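Given the structure is predicted, the values throughout are model-derived calculations rather than measurements.
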Amino acid sequence: MSIKGRDIITIDSLSKADIEQVLSNSAKMQSLLEKGKCDLLKGKVLATLFFEPSTRTRLSFESAMHRLGGSVIGFSEASNTSVKKGETLADTIRTVDQYCDVIAMRHPVEGSAQLAADFSEAPIINGGDGAHTHPTQTLLDLYTIQKEKGKIEGLKIALTGDLKYSRTAHSLSYALSMFGADLVFTTPEELKMGKDFTSALKRDFGVNIEEKTKLEDVVSDVDVMYVTRIQRERFPAPEEYEKVKGVFKVDLELLKNAKKDLKIMHPLPRVDEIAPEVDATEHAIYFQQTYNGIPTRMALIAGVLGVEP
Amino acid sequence: MSSEKELKIDKIKSGTVIDHLPAGSGPTVLRILGIDSKWGTSVSVAMNVSSKSGKKDIVKVEDRILQKEETDKLGLIANNATINIVENYNVKEKHHVSPSEEMIGVLECKNPKCVTNQGEPVVTNFKVESANPLTLRCKYCERIMEKELLEEQL
């Protein structure tokens, strides 16, 4: 089943075959991108509706559409729009729907992407709806892993940081389980992945999941380490945060014991969970990961519009 | 001569008999049906009645046919109950209550950050993922409705 005409709201609304198609098309898009000009979506218009701040997601959607030869309209904050006058999201979407062929949206309210999809004829691509989901991040993460490692199945992948609350960690764990990776959740007790979620992954995909509390215990054993931010506000006391922050820092000292081909990923922005000294190592691929947002989003935009590379 | 059962609950001439309700659920069923102290017609509730499959509750309401929203809500708490529509002391129709696959416009999502609680022109929609244990997921924010929050709405 193709993604033509479909909304991309959550990662679990996509089948494994859908995702494989997106990953394959992302690779083709990357070739086109590196060859130069491409007119696959000439005459098509993408609306980027960003109701809250974003650097990477919005700019990479816009860059992706420009690279495909299409045009972009939209806004990067709601304050200059009719939303400020009290317009509902439903009405904003019905209006913008008249002006474009596809909509990429970020909104702070959970479920807003599904609501937009209910009111829009044009396909909606969710660029993050509050604490709910951010499926394009997961797709670009999968593309990055596959590109760097040549496969996903059988890899041992550690996810670290705020696993309890991170939408990125949940969606990625789901997708990696679907693709047969082994997971190592490495996080302080306070930020552990919910038991129900972990059990559901084991039940639905038969995935191997280990749970650890120290990076030192996993660094020598994994192929990919996916780092997310630990947020201060999740901790009841500041000293608890400081304690954990120190332990969950990826630096050269930690990486002494890493596999030579360990790859470190991060959805960015980072604060201090990866020391800048790591950037220059062969392990760091988080900026390539950011770049991969372009071909992945090119594949998604073209895919929902029914255009194959 | 009347049987013991008939002494406990009179037959109704016309209306609805909800049988095989889980023991103890009678008061919740009355709440779902909006039956309170001001209700005008005859209502009988039997609780913890012995039956072949253990204890059960029965609710009989005179001159009352259930609405779809009410049977949807009943399906959440009384899987396998039966609804008997009675006319002239005879059962005219009988069907089993089963949870709907979707609950549309019946329940509120209790996640304050859900788009259904933001003044948008949208009807709530919950997917019933499992009847036992009862698991309802909001179509929009995808949060699972906690059991206590669900019971508040019945």
* Under 6.0 Å from the NZ atom of A:K4, do we count more than 12 heavy atoms belonging to anything else shown? -> no
* Asked: In terms of heavy-atom pairs under 4.5 Å, which option from B:G119, B:C138, B:C114 contacts chain A the most?
  -> B:C114
* Any luck finding a side-chain donor-acceptor pair between B:Y140 and A:D118 under 3.5 Å? -> yes
* Asked: So A:H132 and B:K113, side-chain contact (heavy atoms from CB on, under 4.5 Å) or not? Walk me through it.
  -> CA-CA 10 Å; A:H132 182 213; B:K113 293 178 181 168; over 6 Å; no
* Check whether any side-chain heavy atom of A:T10 sits under 4.5 Å from a side-chain heavy atom of B:E142, and report yes or no. => yes
* Counting only heavy atoms closer than 4.5 Å, note whether B:N117 contacts chain A via side chain, backbone, both or neither. => neither
* To do: Determine the minimum heavy-atom distance between A:R94 and B:P121, stating which atoms define it.
  => NH2-CG, 4.3 Å
* side-chain contact (heavy atoms from CB on, under 4.5 Å) between A:Q114 and B:V115, intermediate numbers included -> CA-CA 9 Å; A:Q114 181 58 56; B:V115 74; over 6 Å; no
* Asked: Are there more than 12 heavy atoms of other residues, nucleotides or ligands under 6.0 Å from atom NE2 of B:H95?
  -> yes
* **A:L89 backbone acceptor or donor facing B:E120 side chain under 3.5 Å** => yes
* To do: Check the surroundings of atom CG in A:D196: do more than 12 heavy atoms from other residues, nucleotides or ligands lie under 6.0 Å from it?
  => no
* Count the heavy atoms of every other residue, nucleotide or ligand shown that sit under 6.0 Å from CD of A:E121, and state whether that count exceeds 12. => no
